[in-house]
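First the structure, in the form of structure tokens, and then the observations on it.
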Amino acid sequence: MEQIIVDKTVEAIQLLYHHSIDSKLVQLQKTKKEFVGDLTLVVFPFLQISKKSPEQTATEIGNFLVNSVEDVENYNVVKGFLNLTINSNHWFSVLNKISQDSNFGTFSDSGKVFMVEYASPNTNKPLHLGHLRNIFLGYSVANILKANGHTVYKTQVINDRGIHICKSMLAWQKYGNSETPVSTEMKGDHFVGKYYVEFDKAYKKEINELVEKGMDKETAEKEAPIFKEAQIMLQKWESGDENIVSLWKTMNSWVYEGFDVTYKTMGVDFDEIYYESDTYLLGKNYVEQGLKNKIFYQKEDGSIWCSLKDDKMDDKLLLRADGTSVYITQDIGTAIERYKKHPSLNGLIYTVGNEQNHHFKVLFTLLKKMGYNWAEGCYHLSYGMIELPEGKMKSREGTVVDADDLMCSIIQDAKTSTQERGHVENLSETEKENLYKMIGLSGLKYYLLKVDPKKGMVFDPKESIDLNGNTGPFIQYTYARIQSLLEKGKKLNYIAKISTVQSNEKEINLIKLMNEYPSVIKEAGVNYSPAILCNYIFELVKEFNNFYQTIEILREENKSKLEFRLALSENVGKIIKSGMNLMGIEMPLKM
RNA sequence: GGUCCCGUAGCUCAGCUGGAUAGAGCAACUGCCUUCUAAGCAGUAGGUCACAAGUUCGAAUCUUGUCGGGAUCACCA
């Protein structure tokens, strides 16, 4: 429809003012609520061509469109705005098309392939609130890309080696008394995290003791015996020491068991998992190759660098003087590895916090310098940090909001408020538990996804997440109402059916909104932004609630109207569910 | 200091490829359940869109500068 009007407007300008214009000049937008009409054409850009007043130009174009486009029924002019009214038959046929398309909103195979990396946990402690935002965001973006017709590989990188895990290992060796997650009845990741904290306590104590003996703090941090021990452990791990490797495997396996539980509660999954222990040596060869090709340079001490002067950044170290790699060396290696494994990849998306903006800018620049054209397709999906009211989360100060605890408490909140309302008494216990989980998680996920990813956000753990207003449960509630309507309709032997009926404005508004769904999916995909989808669904749901509360549906006397409204509701429900599912949020039949 | 991001109602956020009188939610206040689920709906109140210039018929939106907040520029990961 929009395209037809744009084309016809170009034609109108040609005929009326003998001027051919680019269709990009034609600005067609939704008519604002306070004016009459469906679509609005902004005529200001044509004034120079028409050499007439805005009103007159708009009137002339309006006349032309009404006469030449069948579904343009009427128009009115306000200043330079030409408001067009579209025939309601057109909207009926739109609804009809939506109702017949079981995958409405999703696009057919684009032939493009993307990889989305959306988790990169360390194995020395449990997941926290920051991980939740990261993972929900990446998971949702992966789904949105799929809906856009792309093939998507979801992947995570596990930072399973390094000094951090050695710290946990060492503390466990020293103070663990051979206890295990089973013997202590602790979740594995929390268990290992406990020893990370133990290490830190002991480490701090040693530092203080050294400082008291007169050592300056910086030296003390390097000289503390337990720290040195951890470093020795890391060296042993790197040389393949059997005992250390075996301990490492055991402790990591505890962590993975814990992560699996958390991921399951979160409702996310991965197609591929990369372990840093497998990949941390990759990249060295490529750097050495780059040195030969004179893309990089070597300093006198033997360290290898890349000059980024042309890109207005400081030079970047790629290999230390002793030949060991730094973080970015690994990232170069893994990126190349991924493209080798999936040569058809069109894009590689890293869902990582904005504190690493610079890192990824450097990484992509390096890859381009090394001649990998696919680096153009690499994208850093950067998201803002979550802060507490008192500032950043600090693991050392114990202010980190734990992912498991948070999910547990919001599910508990959902349980309390669901029970207060008492709509679900006749569900079984399992169904109820499921429902509480569904509601609680929708509150959390929606809360984290509705904000533009790149913006930071403040989270107050003392205030429970709201379940009214612009929230996941509000949307679920609307969905449940629709399902209840449909079920009652069925019992009364009505079927959802679209026919040409006398329609009202609210019904047409709903169809217009539904019609936008595919373009919203597209926009959310292009911008990697579930927030765009959230806003759209919220708008749709608000519009539906307004309709629901003011228009009679099952009480309508005219059967065709009643069945039309059922069909309308059913399709609104379909879109709500589809959109929310893309964000990993499930919809209940009752709540 | 260099680079990047952000600043919209008391709070949390939309709107930003320039378009009509800047919108939601929360909190506050007023109505609405003998009628399809009140986790709802309708309404009232709340704004120098950080500030200042510039471009334009038109700026919250684009440019520049100022102020305020954050991130980063590690032989940490």
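Chain identifiers are assigned alphabetically (A, B, ...) following the order of the sequence lines, protein sequences preceding nucleic acid strands; residue numbering begins at 1 within each chain. Hydrogens, waters and symmetry mates play no part in the numbers below; they use all other heavy atoms, side chains included.
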So that I can tick it off, tell me whether A/E543 and A/K33 are bridged by a salt bridge, with the cut-off set at under 4.0 angstrom between side-chain N and carboxylate O. yes

Is the shortest distance from a Lys or Arg side-chain nitrogen in A/E516 or A/K30 to a carboxylate oxygen in the other one below 4.0 Å? yes

So which nucleotide from B/C75, B/U21, B/C36 ends up closest to the side chain of A/R555? B/C36

Whole Å only: how far is the NZ atom of A/K222 from the P atom of B/A74? 16 Å

Is there a side-chain polar atom (N or O) of A/K488 under 4.0 Å from OP1 or OP2 of B/U37? yes

Per A/V451 side chain, nearest of listed nucleotides B/C36, B/A39, B/A14: B/A14

Could you tell me if A/D311 and A/T365 have a donor-acceptor pair between their side chains, going purely by distance under 3.5 Å? no

Check A/K299 with A/D301, please: is the shortest side-chain N to carboxylate O separation under 4.0 Å? no

Assign each of A/S325 and A/L554 the nucleotide of RNA chain B bearing its closest heavy atom; nearer the 5' end lies the nucleotide of A/L554

Less than 3.5 Å between a donor and an acceptor, one on the side chain of A/N545 and one on the base of B/A38, is that the case here? no

From the list B/A20, B/U37, B/A71, which nucleotide is the closest neighbour of the side chain of A/Q29? B/A20

Between the base of B/A42 and the side chain of A/T550, is there a donor-acceptor distance below 3.5 Å? no

Side-chain N or O of A/K455 less than 4.0 angstrom from OP1 or OP2 on B/A14? yes

Thinking salt bridges, do A/R161 and A/E276 make one under a 4.0 Å N-O criterion? yes

Can you tell me how far C1' in B/A22 sits from the matching atom in B/U30, rounded to whole Å? 25 Å

Using the C1' atom as the point on both nucleotides, what is the distance between B/A27 and B/G46, in whole Å? 11 Å

Syn/anti state of B/C33 by chi, 90° boundary around 0: syn

Roughly, in whole Å, what's the span from CZ in A/F544 to P in B/C36? 14 Å

Would A/F474 pass as stacked on B/G40, i.e. its ring centre under 5.5 Å from the base's six-membered ring centre and planes under 30° apart? no

Does A/T471 get its side chain close enough to the base of B/A39, under 3.5 Å, for a donor-acceptor pair? no

Over how many whole Å does the gap from A/N535 atom CG to B/U12 atom C1' extend? 13 Å

Less than 4.0 angstrom from a charged side-chain N to a carboxylate O is my criterion; do A/E556 and A/R565 meet it? yes

For A/Y548 and B/G40, is the gap between ring centres under 5.5 Å while the planes differ by less than 30°? no

Kindly state whether the pair A/F44 / B/G19 counts as stacked, where counting means centroids closer than 5.5 Å and planes tilted less than 30° apart. yes

Ignoring hydrogens and angles, does a donor from either the side chain of A/N468 or the base of B/C26 sit under 3.5 Å from an acceptor on the other? no

Using atom CE of A/M457 as one end and atom P of B/G69 as the other, report the distance to the nearest whole Å. 22 Å

Between A/Q476 (CD) and B/U37 (C1'), how many Å, whole number? 14 Å

Which nucleotide in B/G19, B/A14, B/G25 has an atom nearest any side-chain atom of A/P45: B/G19

Under 5.5 Å between ring centres and under 30° between planes: does that hold for A/Y477 against the base of B/A39? no

When rounded to the nearest Å, what value does the distance between C1' atoms of B/A50 and B/A77 take? 37 Å

Short question: side chain of A/N527, backbone of A/S529 - any donor-acceptor pair under 3.5 Å? no

Could you tell me how far apart A/N527 (CG) and B/C16 (C1') are, to the nearest whole angstrom? 12 Å

Euclidean distance, atom NZ of residue A/K450 to atom P of B/C13 [Å, nearest integer]: 9 Å

Distance, C1' atom - from B/G25 to B/U8, rounded to whole angstrom: 15 Å

Here the distance between atom P of B/A24 and atom CD of A/E539, to the nearest Å, is 11 Å

